[in-house]
Structure formats: structure tokens, C-alpha cells
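Worksheet: the structure to be examined is printed underneath.
The analysis underlying the following values was restricted to heavy atoms, covering all of them including side chains, and did not include hydrogens, waters or symmetry mates.
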Amino acid sequence: GYDTLAISPLKQVSCMIRFRSKAIEKLLEDRKPHITLSTYQHITKAIDKGAEGMDAYVLSNICRDLECLPNDIVEYV
């Protein structure tokens, strides 16, 4: 006879991304003298929306303005 091969469905790995709030607060404070008010507002608005669903362009701009790397301001949980 034939052996039965049991195929188990792959478990979907759910990975959430979130902002490192304390790190961002510090970076914002350090960079405040060097960025415009509108840039500051854009950053805080993006952060208020949360990191889930944020596109790479927004993340790239935040990193440029805060002079940091993505890993400095977001974490996977």
C-alpha cells in the first residue's frame, strides 16, 4: 500500500511593526533646531498614524529628516 503523506498548511508568520516611541522622541528633540516646523509636523503626524501600513517612502523621509536608520525608529514585534 501507499503511505499517506500528511501536508500541514504553513503557518502564516504575522509580524507587526511599530515605532520606537522613546527613541523617536529623543531624535526629534535633538533634531528640532535643524528641521522646519512643517517637517516636524509631518513626522509627528506619520508617527501618530502608526507604523503598520506605512510605506517605505514615508519611512525613508523620516529617517532622512531625523538622520537615523530605520532600525533606530521601528521594531518588529
Side-chain angles (χ1 to χ4, degrees):
Y2 292 99
D3 288 331
T4 306
L5 179 63
I7 300 172
S8 61
L10 290 174
K11 288 190 174 125
Q12 188 174 354
V13 178
S14 65
C15 195
M16 285 183 48
I17 185 172
R18 70 175 176 206
F19 284 114
R20 298 176 188 263
S21 301
K22 297 289 180 206
I24 292 173
E25 285 173 23
K26 185 181 181 333
L27 286 165
L28 271 173
E29 204 55 44
D30 294 347
R31 295 287 304 144
K32 211 172 189 176
H34 309 285
I35 58 177
T36 64
L37 177 60
S38 64
T39 299
Y40 180 85
Q41 289 170 336
H42 281 295
I43 293 170
T44 54
K45 188 174 167 187
I47 290 162
D48 288 343
K49 282 185 183 175
E52 276 299 313
M54 174 183 54
D55 66 24
Y57 182 74
V58 172
L59 181 60
S60 175
N61 287 342
I62 293 172
C63 289
R64 179 199 63 213
D65 295 332
L66 295 181
E67 294 185 349
C68 66
L69 297 172
N71 286 348
D72 296 336
I73 60 169
V74 293
E75 62 186 341
Y76 292 95
V77 291

*Atom pair CG (L66) and CG (D30), whose distance is rounded to the nearest 0.5 Å*: 9.5 Å
*asked:* Is there a path of hydrophobic side-chain contacts, each under 4.5 Å between heavy atoms of I/L/V/M/F/W/Y residues, joining M54 to Y76?
replied: yes
*Straight-line distance of I62 CD1 to L28 CG, nearest 0.5 Å*: 9.0 Å
_Pairs meeting criterion side chain to side chain donor-acceptor pair (under 3.5 Å) with involvement of residues 47-64, two or more places apart_ = N61-R64
*Mind checking whether I47 and L69 sit in one hydrophobic cluster, side chains of I, L, V, M, F, W, Y counted as touching below 4.5 Å?*
no
*Roughly how far apart are K26 NZ and I24 CD1, rounded to 0.5 Å?*
13.5 Å
*From I43 atom CD1 to I73 atom CD1, the distance as rounded to the nearest 0.5 Å*: 8.5 Å
*Minimum-distance pair of heavy atoms, taken over all atoms of R20 and N71*: NE-O, 3.0 Å
*Taking the side chain from R31 and the backbone from Y40, do they hold a donor-acceptor pair closer than 3.5 Å?*
no
*Please report the closest heavy-atom contact between C63 and P70, naming both atoms and the distance.*
SG-N, 3.5 Å
*Heavy-atom closest contact (A51 atom, V74 atom, distance)*: CB-CG1, 4.5 Å
